Amino acid sequence: MATVAVTDSTFDAEVRQSDIPVVVDFWAEWCGPCKQIGPALEELSDEMAGKVKVVKVNIDDNPNSPAQLGVRGIPALFVFKNGEVVSNKAGAAPKAAIQGWIEDSI
């Protein structure tokens, strides 16, 4: 399952009301580290399909969602479970580290 682009208007439906845990990647086109972890998140989205949903929120086009969560730097990753934030981390990391963090969080 490929990552899903989420907007401020679809955030609640796609993230907070999801039946499975959701990894939210707050990113921007100009962000080098965001582009660095993008392929790893795509792979994890496929590998963990059915267990977790991976969504991406472009902060330049959708400023409200990151503001509500206090995002100060990107990439910023959040894990939502049952509509609530259960974990978050900032910055780029190798795929294995991101996968371990997701598995520990869900």
Side-chain angles (χ1 to χ4, degrees):
M1 179 172 146
T3 58
V4 178
V6 171
T7 65
D8 283 341
S9 60
T10 62
F11 191 86
D12 282 349
E14 291 284 350
V15 177
R16 295 189 189 273
Q17 297 168 12
S18 176
D19 294 338
I20 61 173
V22 181
V23 176
V24 181
D25 172 26
F26 290 102
W27 71 286
E29 195 63 45
W30 47 263
C31 170
C34 299
K35 290 182 178 185
Q36 188 179 3
I37 67 169
L41 290 171
E42 290 289 342
E43 289 174 20
L44 290 170
S45 179
D46 289 338
E47 293 167 13
M48 302 178 82
K51 287 195 293 187
V52 69
K53 175 165 62 170
V54 180
V55 304
K56 299 175 78 69
V57 178
N58 183 321
I59 64 161
D60 288 335
D61 299 335
N62 304 282
N64 296 339
S65 301
Q68 289 171 359
L69 293 166
V71 172
R72 299 204 184 290
I74 55 171
L77 300 173
F78 285 75
V79 175
F80 280 78
K81 197 170 176 181
N82 300 319
E84 299 293 326
V85 174
V86 293
S87 186
N88 67 301
K89 67 187 282 107
K95 178 184 171 187
I98 295 171
Q99 183 173 0
W101 169 72
I102 292 170
E103 289 172 349
D104 289 345
S105 300
I106 61 170

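Computed from a prediction, not measured in an experiment: that's the story for all the values here.
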Provide the closest heavy-atom pair for [X] versus [Y] in the form atom of the first, atom of the second, distance.
| X | Y | answer |
| --- | --- | --- |
| Pro75 | Cys31 | CD-SG, 4.0 Å |
| Pro66 | Asp8 | CD-OD1, 4.3 Å |
| Pro39 | Lys35 | CD-O, 3.2 Å |
| Ala76 | Gly73 | CB-O, 3.4 Å |
| Ile59 | Ala28 | CG1-CB, 4.0 Å |

To the closest 0.5 Å, what do you measure between [atom1] ([X]) and [atom2] ([Y])?
| X | Y | atom1 | atom2 | answer |
| --- | --- | --- | --- | --- |
| Thr10 | Gln17 | OG1 | CD | 11.0 Å |
| Ser87 | Lys81 | OG | NZ | 11.0 Å |
| Asn64 | Ser9 | CG | OG | 10.0 Å |
| Glu42 | Thr3 | CD | OG1 | 3.5 Å |
| Glu103 | Ile98 | CD | CD1 | 12.0 Å |
| Ile20 | Lys51 | CD1 | NZ | 10.5 Å |

Note, [X] side chain near [Y] side chain (heavy atom, < 4.5 Å):
| X | Y | answer |
| --- | --- | --- |
| Ile106 | Trp101 | no |
| Met48 | Lys53 | no |
| Pro33 | Trp27 | no |
| Ile37 | Leu77 | yes |
| Val23 | Val55 | no |

Please check if the number of heavy atoms outside Asp12 that lie under 6.0 Å from its CG is greater than 12.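 Yes - once you tally the heavy atoms of other residues, nucleotides and ligands closer than 6.0 Å, there are more than 12.
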Does Asp19 CG have over 12 foreign heavy atoms under 6.0 Å away?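 Not more than 12 within 6.0 Å, no.
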Out of Ser105, Ser18, Pro21, which one pairs with Val52 under the side-chain contact (heavy atoms from CB on, under 4.5 Å) rule?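 Output: one option passes, namely Pro21.
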Can you classify the ring geometry of Phe11 versus Phe26 as parallel (below 30°), tilted (30 to 60°) or perpendicular (above 60°)?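 Because their plane-to-plane angle is under 30°, the rings of Phe11 and Phe26 count as parallel.
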Inspect the contact between Arg16 and Glu84 and indicate whether a charged nitrogen and a carboxylate oxygen are less than 4.0 angstrom apart.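 Between Arg16 and Glu84 there is no salt bridge, as every charged N stays at least 4.0 Å from the carboxylate O atoms.
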If you measure from the Lys or Arg side-chain nitrogens to the Asp or Glu carboxylate oxygens, is any gap between Glu47 and Lys95 under 4.0 Å?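 Yes, this pair counts.
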Could you check Trp30 against Asp60 for side chain to side chain contact (heavy atoms under 4.5 Å, CB included), going step by step and ending with a plain yes or no? CA-CA 10 Å; Trp30 47 263; Asp60 288 335; 2.7 Å; yes
Kindly determine whether Leu44 and Ile102 satisfy side chain to side chain contact (heavy atoms under 4.5 Å, CB included), including the steps that lead there. CA-CA 10 Å; Leu44 290 170; Ile102 292 170; 4.2 Å; yes
Derivation of the side chain to side chain contact (heavy atoms under 4.5 Å, CB included) call for Lys56 and Val6: CA-CA 6 Å; Lys56 299 175 78 69; Val6 171; over 6 Å; no
